[in-house]
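Report on the structure given below.
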Amino acid sequence: MRITAKDLYQHIVSIISISVLVSLLCVPFLLFLPWQLAIAFVLFLGGPVWLAAAASMETVLTNKNVPLMRTFFISLKCQYFKALGLSFFFGGFAVILVASWWHWSVEQSYVAFAIACFQSYFAGMVLLSQLYTVPLINKYNVSLVRAMGISLKLLLKYPLYTIGCFLQLIIFAGLLAFTVVGNALLLPGVLAVFLSRMASGAVSRSDVLGDSTLRKMDTVELS
């Protein structure tokens, strides 16, 4: 948390810029589109926009002297299909979660409630197991499937560290969303910085990537 706070202070202009860009690209559509189209928008563009924002912030954190907005749009183009796979992966679990609680609201039975609680726990564990996926894609240029597998291994190897970071992340989000400390629109940039530092802390003490992959690679190629 201390390292993340320092990064937020040092790169506040970039964080505000990328967060406002994400908000401009996503919030109007989510507010004014019918719910069916809003879901499709989140699946096909929301995930890619978030991954591009995280890639842009990773570029800022590694002190690469490249234009932030240009990096964002190049990342959006180059990593679109990785982000699309990630969107549909989490979207599937979100549908299962919503369907479980909707079923309980209709049935109002103990069995339906137990199923909904189990599905909530399962979806939460899936989210926890994939906290490292986006930073692994951006920092080490690994494939989506491998990044998801490595993220699960890091959770199993460092469960207390991962859970502790997850709780800190919830605190960050709460401060930005519900208090005068920050603004909820800054969440994309803050989240990208926090997850990047979280992944660095886990990978630096682990050998799950192997020596040949451990070196950092460019987030995107600018040509």
Side-chain angles (χ1 to χ4, degrees), residues 3-4 6-8 10-11 13-22 25-26 45-90 127-155 158 161-162 165-166 168-169 172-173 186-206 208-223:
I3 296 174
T4 301
K6 180 181 178 181
D7 288 330
L8 296 180
Q10 292 179 338
H11 305 293
V13 175
S14 297
I15 290 171
I16 293 175
S17 300
I18 204 68
S19 298
V20 170
L21 178 61
V22 171
L25 291 175
C26 294
L45 193 59
V49 165
W50 153 241
L51 188 61
S56 302
M57 288 310 306
E58 187 62 45
T59 303
V60 172
L61 292 176
T62 51
N63 297 316
K64 293 178 181 169
N65 188 22
V66 294
L68 184 65
M69 295 298 111
R70 185 174 175 225
T71 303
F72 174 85
F73 287 108
I74 292 177
S75 300
L76 183 62
K77 176 183 176 181
C78 295
Q79 303 199 67
Y80 179 80
F81 290 104
K82 286 183 180 180
L84 193 63
L86 203 59
S87 292
F88 275 88
F89 176 79
F90 285 112
L127 175 63
L128 191 64
S129 71
Q130 297 306 313
L131 287 180
Y132 301 99
T133 299
V134 170
L136 287 170
I137 292 173
N138 290 329
K139 293 170 75 69
Y140 304 103
N141 199 29
V142 298
S143 66
L144 173 61
V145 175
R146 189 174 181 218
M148 294 173 73
I150 294 173
S151 182
L152 177 59
K153 290 180 181 178
L154 289 173
L155 168 64
Y158 306 112
Y161 172 79
T162 305
C165 288
F166 183 62
Q168 291 180 41
L169 183 59
F172 263 79
L186 299 181
L187 186 58
V190 173
L191 183 62
V193 173
F194 188 93
L195 291 179
S196 176
R197 292 312 189 195
M198 173 185 169
S200 296
V203 172
S204 64
R205 66 185 82 173
S206 172
V208 293
L209 285 175
D211 294 336
S212 61
T213 315
L214 189 57
R215 66 182 185 85
K216 292 184 179 180
M217 303 180 69
D218 290 341
T219 303
V220 292
E221 292 184 12
L222 300 177
S223 59

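In what follows, residues are counted from 1 in the order of the sequence shown.
Scored by the side-chain hydrogen bond (donor to acceptor under 3.5 Å, both in side chains) test, Thr133 finds Gln130 as partners (sequence neighbours excluded). Not counting sequence neighbours, the partners of Leu191 by the side chain to side chain contact (heavy atoms under 4.5 Å, CB included) test are Trp50, Leu169, Leu195. Residues passing the side-chain hydrogen bond (donor to acceptor under 3.5 Å, both in side chains) test with Thr162 are Tyr132, sequence neighbours excluded. Partners of Phe166 by ring-ring contact (aromatic ring centres under 6.0 Å, His included), not counting sequence neighbours: none found. Considering only residues two or more places apart in sequence or on other chains, Ser196 meets the side-chain hydrogen bond (donor to acceptor under 3.5 Å, both in side chains) condition with Glu58. Take Phe88 and apply the ring-ring contact (aromatic ring centres under 6.0 Å, His included) test, not counting sequence neighbours, and it matches Phe44.
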- Verdict with supporting geometry, Ile150 and Tyr140, side-chain contact (heavy atoms from CB on, under 4.5 Å): CA-CA 11 Å; Ile150 294 173; Tyr140 304 103; over 6 Å; no
- Query: How far apart are the C-alpha atoms of Arg197 and Cys165, what are their side-chain angles, what is the distance that settles it, and do they pass the side-chain contact (heavy atoms from CB on, under 4.5 Å) test?
  - Reply: CA-CA 10 Å; Arg197 292 312 189 195; Cys165 288; over 6 Å; no
- Message: With side-chain contact (heavy atoms from CB on, under 4.5 Å) as the criterion, how do Leu86 and Val134 come out once you've worked through the C-alpha distance, each side chain's angles and the decisive distance to 0.1 Å?
- Response: CA-CA 9 Å; Leu86 203 59; Val134 170; 3.7 Å; yes
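Across all their heavy atoms, Ala147 and Leu136 have their closest contact at O-CD1, 3.5 Å. Considering all non-hydrogen atoms of both residues, Ser14 and Met57 come closest at O-SD, 4.0 Å. When all heavy atoms of Val49 and Phe72 are compared, the pair lying nearest together is O-CE1, 3.6 Å. Nearest approach of Ser151 to Ser129, heavy atoms of both residues: OG-O, 2.5 Å. In plain terms, the two heavy atoms of Gly189 and Ile18 that are nearest each other are CA-CG2, 4.0 Å. Minimum heavy-atom separation, Ala55 to Ser75: CB-OG, 3.5 Å.
Annotation: the span from Leu61 atom CG to Lys139 atom NZ amounts to 7.0 Å, rounded to 0.5 Å. In this structure, CD1 on Ile137 lies 12.0 Å from CZ on Arg146, to the nearest 0.5 angstrom. The CD1 atom of Ile74 sits 11.5 Å away from atom CD of Gln79, with the distance rounded to the nearest 0.5 Å. Note: Tyr161 OH to Leu155 CG = 12.5 Å, rounded to the nearest 0.5 Å. Atom CG in Leu131 sits 11.5 Å away from atom CG in Leu152 (nearest 0.5 Å).
Proximity of a side-chain donor or acceptor of Ser19 to a complementary backbone N or O of Ile16 within less than 3.5 Å is not detected. Lys82 places a side-chain N or O within 3.5 Å of a backbone atom of Val142 that can act as its donor or acceptor partner.
Within the 4.5 Å cutoff, the side chain of Asn138 has heavy atoms near those of the Leu51 side chain.
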